[in-house]
Amino acid sequence: MFEAAADGLVGLLDPFTLGLMVIGILIGLVVGLLPGLGGITAMVLMLPFTFDMTPIQAFSFLLGMFVVSSNAGELTSILFGVPGEGTTAATILDGHPMAKKGQAGRAMGASLASSGVGAVVGAITLAIALPIVRPLVLSFGAPELFALTILGVTFIASLSGGSLTRSILMGGMGFALATVGSSPQTGIYRFTFGAPYLLEGVQLVPVALGLFAIPEIIDLAVRRTSIAQADLGKVGGVIQGVKDAFTHRWLVVRSASLSAFIGLIPGLGSAAAQWMSYAHAVQSSPRQEEFGTGRVEGVLAPGASANAKEGGALIPTVAFGVPGSLAMAILLGAFQIVGLVPGPRMLTTHLDVTFSMVWILVIANFISIAFLALLLPQLVRLTKVKGLILVPIILAMVWLGAFSNQSNFGDLVLLAVAGAMGYAMVALDWPRPPLILGLVLGSLADKNLGIAYQRYHYDFFTDPAVVVILLIAAASLVYALVQNKRIARAKAGLSDLDKRAGGRDHA
Amino acid sequence: MKHRMFAIMGVLILGLLATACGSDATAVPVAAATPTMGSVATPTAAARIEEETVTAPAATPPVSVDFAGKTIKLLVMYSPGGGYDAVGRVVAAHLPRHLPGKPRIVVQNRPGAGGVIGSNYAYTAKPDGLTIAEFPTDIVVTQLVGAPGVAFDFQKFLYIGALQKATKACYYRTDRGIKTIKDMVDSPSPIFTGGSGGSSDVVLSGLLKEELGANITQVLGYQGTADTHIAIESGEVDGRCTTWSTVPASNPSWFETTPALVTPVIQFTIGGPDKSMPDVPTIDSFRSQFSDKGWQTLLATIAPLQTYRTFALPPGAEDSMLAAYRKAFEAMYNDPEFIAAMARANRPLHGQNGAAVENILVNEIKVSQEVRDNIIRLLAAK
């Protein structure tokens, strides 16, 4: 195995391959820094260029592009409160309030540092998991996956920010929205009201952009100031942010490992990974009541998750051909173009190619962090630019980002609806993360419960693995309930800190 | 400094707008080209008759069709990364060489509603030859059962040609001990057959159960091939019915052991077995056990599969345009470079020319209300 790891690295250290990676990184940098547009768009546009590349060259090019755009997407989340990609909104919750407080530099430094550590931890997790990954994945059937989604649902309680009832209602609403579209079991259309757009279900990207980005844009326009309301001078503590990552190193490591694991289980999907990491940061902090007002841990956990989850998602993609994320689905397209078949051979005969992908994730991550670090001082300046100048540009980007989801005008309507809802939710202090997590987990629960019931009826509830996972879920819920009571009490005493995620001071 | 940042942002945004609105950008040459097309097109009645009487594409397209400097949009109705997308991109790379004027072809993904959204779009696209579509075969059944949102008629598209043939088969884990249809009927425990809800594979399993009495229990909800194959490998389900060629292509390791992990039990072809399964019984050897309605349902479900990976022009395109595309398609089909690219992508070629595709999709498929109702009922897998 060490030989394959070395071979994978040697195959990568070819000037032409590294050159392609840098070109990919530069393309990803441009696209990734535009709020609302993510690496997926860039990868789709660039896929045809991989036709004449060797597998390792193609993966260097595409993965390099993706890694930098996901790092850059974290930065735009912090700067503008706009998710870099629909699925990476968790960073906004604390990152953007930090930017408002004039700590954009610190938040971005923390994000980049944790992302670097996350990529390495993700890669190590993968290298350890490779020999056992097929038996591990094959042991997760529909019943276990259903139980895992239920465990994920209990995280909603930690994302409530104090009001458990509202949180549960929003999570339920996310679940309900997830049932729109064709039933996975019968193909029968549910709640589509004759609108062809709804046949595919409620799309995550426009909903996340609408819920999180639109309220920020309105806020910025109404406030008539720059994003940063306080000026902490100079670069705003990038170095401090990097230090934060090392102060909270175990949080970063735990978030990265958790995300790599979530990405690794096919069908669980890495969209949930960032939220789970964020929820974990909240759960494990002694000062939960301050989350959403600009705690640096709220930036570190999703930052560590960003690339670690893709490292995890790489595994089901190469070992089974089941893409763990959108980016991996496009990578699967590249597999077909270069003539590789995902499957057990990727873990035996082609193990060097698989290892080179792990290396690419690590190396591309460090190159991209270096590029972005150079840009940080300029990016921090953006938070001091007058809001009225930024608003039209960000708004246009957000609409483009939503439209690039499916190139369907329905995406724009959904963005507007979600935007109005997001604004109302912020104004009335309803939590938004549970809705997103409900939407992500709802369709997984729907699919896996259906399969488990058809195959085993209710017998699957006696499966030992299912019982264990559900017990953990119950424990996690009880813990969250106790914590919530504590937060509510703390909040009553700290009402002046009650500025929710992306919350507005006049709300 | 601030001003420079804005300038940079501005340039980036403009560049991005141009890329993101690829569809509009390509629309510019379309508008410019229309007068030329209009003035030359309107082929004579004689040309039309020639087109109709000759089954093969017309020998030489009129010189009028010239794509020099143009960009053609190839619509793929599924997301990037799938089989349709992969084949579409190979075609986009190799078809231009054979078209007059060597245009550029760009793939545009229009996913949604199992191909309905993209097909609606293709159906109403300007028939100027600058938009072609990779036709999603499942759409035939979707239209027949009157799925919501269908605003096209597959029998009105103009077919350029098909690249593959898809033979469906039902295959089961070898260690489950099912080798024949008789084993399936006699099995004391249910044979768990995985699949995706609403796909035509569900109809085939349903017919085996209802018409032949196979002891099948369908387990549906898997998302596509790879997802179902994990369930087969882990033993969550016993097998599946779907296009056979994807099975060895996506799971070569299943066939490296003796015996192989799965064994095909029945193949859904009419008139002789598929080249890759010479010894597997064909469904027409069970013709006598089928009810008339059941057999017609089967035919409606499997006929479109004879034209897998079909490419089409929107209705209303000029005959000369269709002829030019059909000719280029045939030339591409025989081009060693294209053949090599398809082989590299694990997509064995077994194509048909445009006239043959048209014959199957437009002339052969005729469906009664009774058959439609039966398909709808079987799709719901009740």
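A note on names: the letters A, B, ... follow the listed sequences, proteins ahead of strands, and every chain is numbered from 1. Computed from heavy atoms alone, side chains included, the values below leave out hydrogens, waters and symmetry copies.
- Remark: A:R455 does not engage B:D238 in a salt bridge, criterion side-chain N to carboxylate O under 4.0 Å.
- Of the atoms belonging to A:Y456, it is side-chain heavy atoms, and not backbone ones, that fall under 4.5 Å from chain B.
- For the options B:G235, B:G221, B:G149, B:A226, heavy-atom pairs under 4.5 Å to chain A are most numerous at B:G221.
- Side-chain contact between B:T217 and A:Q454 is absent, with no heavy-atom pair separated by less than 4.5 Å.
- Checked against salt bridge (Lys or Arg N to Asp or Glu O under 4.0 Å), A:R190 has the following partners two or more places apart in sequence or in another chain: A:D446.
- In this structure, A:F140 and B:E236 have side chains that are not in contact, with every pair of non-hydrogen atoms separated by 4.5 Å or more.
- Taking 4.5 Å as the limit, every side-chain heavy atom of A:P184 sits out of range of all side-chain heavy atoms of B:Q223.
- Considering only heavy-atom pairs separated by less than 4.5 Å from chain A, the leading option among B:N251, B:I117, B:V116 is B:I117.
- Within the model, atoms CG of A:N448 and OH of B:Y222 stand 8.5 Å from one another, a figure rounded to the nearest 0.5 Å.
- Atoms CZ and CG, from A:F320 and B:D227 in turn, are 11.0 Å apart once rounded to the nearest 0.5 Å.
- Under a cut-off of 6.0 angstrom, the local environment of CZ in A:F191 is sparse, with at most 12 non-hydrogen atoms contributed by other residues, nucleotides or ligands.
- For chain B, the option among A:A142, A:G450, A:P342 with the highest count of heavy-atom pairs below 4.5 Å is A:A142.
- Looking at B:V150, neither its backbone nor its side chain comes within 4.5 Å of chain A, counting heavy atoms on both sides.
- Using a 4.5 Å heavy-atom cutoff, the side chains of A:T186 and B:L220 are not in contact.
- Note that CE of A:M346 and OG of B:S253 are 12.5 Å apart. Values are rounded to the nearest 0.5 Å.
- Taking 4.5 Å as the limit, every side-chain heavy atom of B:Q218 sits out of range of all side-chain heavy atoms of A:Q185.
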